[in-house]
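First up is the structure itself, then whatever we jot down about it.
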Amino acid sequence: MPHDSQEIETVNPASGEPLARYAIETPERIEAALDASERACQPWRQSGFEGRAEVLRRASAMFQERKAAFAELAACEMGKPISQGLAEVEKCAWTLSYLADTAAGVLADEVVDIGVADSRVTYEPLGPLLSITPWNYPFWQIVRFAAGALAMGNVVVLKHAPSVTGAGLAVERLFAEAGAPPGVFQTLVLTNAQAQRVISDWRIRGVGFTGGGRGGASVAAAAGAALKKCVLELGGSDPFIVLADADIAKAAEAGARSRFQNAGQACLAAKRFIVESAVFDDFVAAFVAAAKAYAPGDPLSAHTLLGPMARGDLRAELERQRLASLAFGASEALAGGALDDRPGYFFAPSVLVHPSPDSPAAVEEMFGPVAAILRADSAGQALAMANDTPYGLTASIWTQDIERARGVAALIQAGGVFVNAVPSSDPRLPFGGVKASGFGRELGAVGLKEFANAKTFVAAQP
């Protein structure tokens, strides 16, 4: 979709056919929206935790009521299988409900006794925040940021990914119908250049961004130049470490689910499977068997586990990475790749083994249904391989020895480590990464306070 157009067009990735067209915002409309967000700040803040919680609870109920329609919209706009879309929308509902019940306690004043009449830390909202979100979880990516921001008392301006514009506008309508006052949550259809200008606008107090490294660097530069806080989540090349004592069948099934769910288009999906030599062949065989269940199919079918990739350019890039990795010496335990003999952007699962250390499968984020399985001679070498990446989002370790896993986890450079479990985001725990995977956190108590003014209050005796 050309950036100089006055409209964007969404496309069904299962057919390649257009879905809808949306007008890009005019400068006048952007100005009015930013004014509305500024006007909304004080009333929204003064509604208090319980007033805001009521809006979040109603929004949670509406996500549940509309989950079938929203799941169908996700299937049509970005190809998510309908069963996975339903789970995504239910997670949005849970997160809103959870924060409605817990935010007040997390953000309560912290009394610190320094020997005066009163001394404490209070947590206060910053004001309007810009949220820039990607297409891969078109509802969850919005709620992951917005739920905590709204519970805190901030207001949100959303720039969603162009290909899922319908989802962004649907969430705006939902919050309005849930009772959020005008200006509290707004979706703007913006170009990247327009978003850069919004970042620098005096009314915006902070920025949340989820996406690629190049976009994250651009957002961070703009936010830094304007002296504004930003939180970045920039993807990963997450290691999935299988030690010799692991339950191989369980690890292979979970690994395939992590790699191929959402067509492999997840920041925290397992991408590099690092397996100790003693169980390498057994794991490859079990993983390939599990991967065969992910046959590309119609995302609107309840039986489909693997829909199309979201866009044609994403599929072309993944095919380049797969072919380059094969040219670098990897072999293919399960042959896959771009399916050009059918409409849409389908890609059959591919399982690469023994990719060379300098191949795309080993050093790049492969954002689609391609798995890379690497052999490690020992747990120590597996750890070194896990850390040998510019990224650091999540990692998983599979072993029967939890204490041993705890020691390995302490040395992994990542924002989260999961033992005998597939990495996932959870509203009760902070989510984010280190190194090229970004900085700052969403979710959990830490994420709730990212866009808060931690204000020191001291009152001495008169």
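- Annotation: side chain of Val155 is not in contact with side chain of Leu129 (no heavy-atom distance under 4.5 Å).
- Considering CZ of Phe283 and CD1 of Ile274, their distance stands at 11.0 Å, rounded to 0.5 Å.
- Ser218 and Gln196 form a side-chain donor-acceptor contact under 3.5 Å, judged by distance and modelled atom types alone.
- A donor-acceptor pair under 3.5 Å is formed between the side chain of Asp245 and the backbone N or O of Gln400.
- With values rounded to the nearest 0.5 angstrom, Met62 atom CE is found 11.5 Å from Leu96 atom CG.
- For the pair Val11 and Glu9, the minimum side-chain heavy-atom distance is below 4.5 Å.
- For the pair Arg441 (side chain) and Gly447 (backbone), a donor-acceptor distance under 3.5 Å is absent.
- Residues Val231 and Phe439 form no side-chain contact, since every pair of their non-hydrogen atoms from C-beta on lies 4.5 Å or further apart.
- Using modelled atom types, one finds a donor on one side chain and an acceptor on the other under 3.5 Å when comparing Asp358 with Ser356.
- Between Phe139 and Phe70, the ring planes lie parallel to each other; the angle is under 30°, not in the 30° to 60° tilted range.
- A donor-acceptor contact closer than 3.5 angstrom is absent between the side chains of Arg144 and Thr133.
- Applying side chain to side chain contact (heavy atoms under 4.5 Å, CB included) to Leu393 and the options Leu234, Val434, Leu268 leaves one that passes, Leu268.
- If you take CD on Gln194 and CD1 on Ile24, they are separated by 6.5 Å, rounding to the nearest 0.5 Å.
- Nearest approach of His160 to Pro134, heavy atoms of both residues: CE1-O, 3.1 Å.
- Two residues are said to be in side-chain contact when any heavy atoms from C-beta on lie closer than 4.5 Å; Trp398 and Ile241 fail this criterion.
- Rounding to the nearest 0.5 Å places CZ of Arg197 at 11.0 Å from CG of Asn192.
- In this structure, OG1 in Thr394 is found 3.5 Å from CG in Asp238, a value given to the nearest 0.5 Å.
- A pairwise comparison of heavy atoms in Cys76 and Leu19 identifies O-CD1, 3.1 Å as the closest pair.
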- prompt: Where do Ile132 and Thr210 land on the side-chain contact (heavy atoms from CB on, under 4.5 Å) test, with the steps shown first?
  reply: CA-CA 6 Å; Ile132 303 175; Thr210 298; over 6 Å; no

- prompt: How far apart are the C-alpha atoms of Glu177 and Arg66, what are their side-chain angles, what is the distance that settles it, and do they pass the salt bridge (Lys or Arg N to Asp or Glu O under 4.0 Å) test?
  reply: CA-CA 12 Å; Glu177 292 171 30; Arg66 301 175 189 187; 2.4 Å; yes

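- Both tests pass for Lys80 against the ring of Tyr137: distance under 6.0 Å to the centre and angle within 45° of the axis.
- In this pair, Trp135 and Phe367 present their aromatic rings perpendicular. The plane angle is above 60°, beyond the 30 to 60° band.
- Checked by atom type and distance alone, the side chain of Lys435 pairs as donor or acceptor with a backbone atom of Thr389 at under 3.5 Å.
- No side-chain donor-acceptor contact under 3.5 Å links Asp298 and Thr304.
- A donor-acceptor contact shorter than 3.5 Å links the side chain of Arg315 to the backbone of Phe346.
- Of all heavy-atom pairs between Phe260 and Val370, the closest is CE2-N, 4.3 Å.
- Put simply, the side chain of Gln265 reaches to within 4.5 Å of the side chain of Met309, judged on heavy atoms.
- A donor-acceptor contact shorter than 3.5 Å is absent between the side chain of Asn12 and the backbone of Pro18.
- At a cut-off of 3.5 Å, with distance as the only test, a side-chain donor of Ser425 or Trp140 sits close to an acceptor on the other residue.
- Judged by distance alone, the side chains of Asn136 and Gln141 do bring a donor and an acceptor atom under 3.5 Å apart.
- Between the side chain of Ser359 and the backbone N or O of Phe328, no donor-acceptor pair lies under 3.5 Å.
- Gln186 contributes a side-chain N or O that, together with a main-chain N or O of Ala33, makes up a donor-acceptor pair within less than 3.5 Å.
- Close placement of the Phe451 and Phe145 rings is indicated, their centers lying within 6.0 Å of each other.
- Nearest heavy-atom pair across Leu300 and Glu72 is CD2-CG, 3.9 Å.
- In this structure, Ser258 contributes its side chain and Ala270 its backbone to a donor-acceptor pair below 3.5 Å.
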Full working for side-chain contact (heavy atoms from CB on, under 4.5 Å) between Val284 and Arg375: CA-CA 10 Å; Val284 170; Arg375 184 191 300 267; over 6 Å; no

- prompt: Under the ring pair (Phe, Tyr, Trp, His ring centres under 6.0 Å) criterion, do Phe273 and Phe280 qualify, and how do the steps go?
  reply: CA-CA 10 Å; Phe273 295 83; Phe280 184 86; over 10 Å; no

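- Under the salt bridge (charged side-chain N to carboxylate O under 4.0 Å, His left out) rule, Arg322 has a single partner from Glu364, Glu332, Glu317, which is Glu332.
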task: Begin with the C-alpha distance, continue with both residues' side-chain angles, and end with the deciding distance and a verdict on side-chain contact (heavy atoms from CB on, under 4.5 Å) for Leu158 and Ile142.
output: CA-CA 8 Å; Leu158 172 71; Ile142 298 173; 3.8 Å; yes

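- Using a 4.0 Å cut-off between a side-chain N of Lys or Arg and a carboxylate O of Asp or Glu, Glu253 and Arg257 qualify as a salt bridge.
- When side chains are defined from C-beta on, Arg29 counts as touching Leu188, because their heavy atoms get closer than 4.5 Å.
- In this structure the side chain of Pro349 never reaches within 4.5 angstrom of the side chain of Arg259, judged on heavy atoms.
- Proximity of a side-chain donor or acceptor of Glu77 to a complementary backbone N or O of Ala167 within less than 3.5 Å is detected.
- Rounded to the nearest 0.5 angstrom, Arg58 CZ and Phe63 CZ are separated by 14.5 Å.
- Closest heavy-atom contact between Leu339 and Pro296: CD1-CG, 3.9 Å.
- Proximity of a side-chain donor or acceptor of Glu172 to a complementary backbone N or O of Thr187 within less than 3.5 Å is detected.
- Here the closest non-hydrogen pair linking Ser37 and Val157 is CB-CG2, 4.2 Å.
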task: Show your working on side-chain contact (heavy atoms from CB on, under 4.5 Å) between Ile397 and Leu243 and close with a plain yes or no.
output: CA-CA 7 Å; Ile397 305 168; Leu243 300 181; 4.2 Å; yes

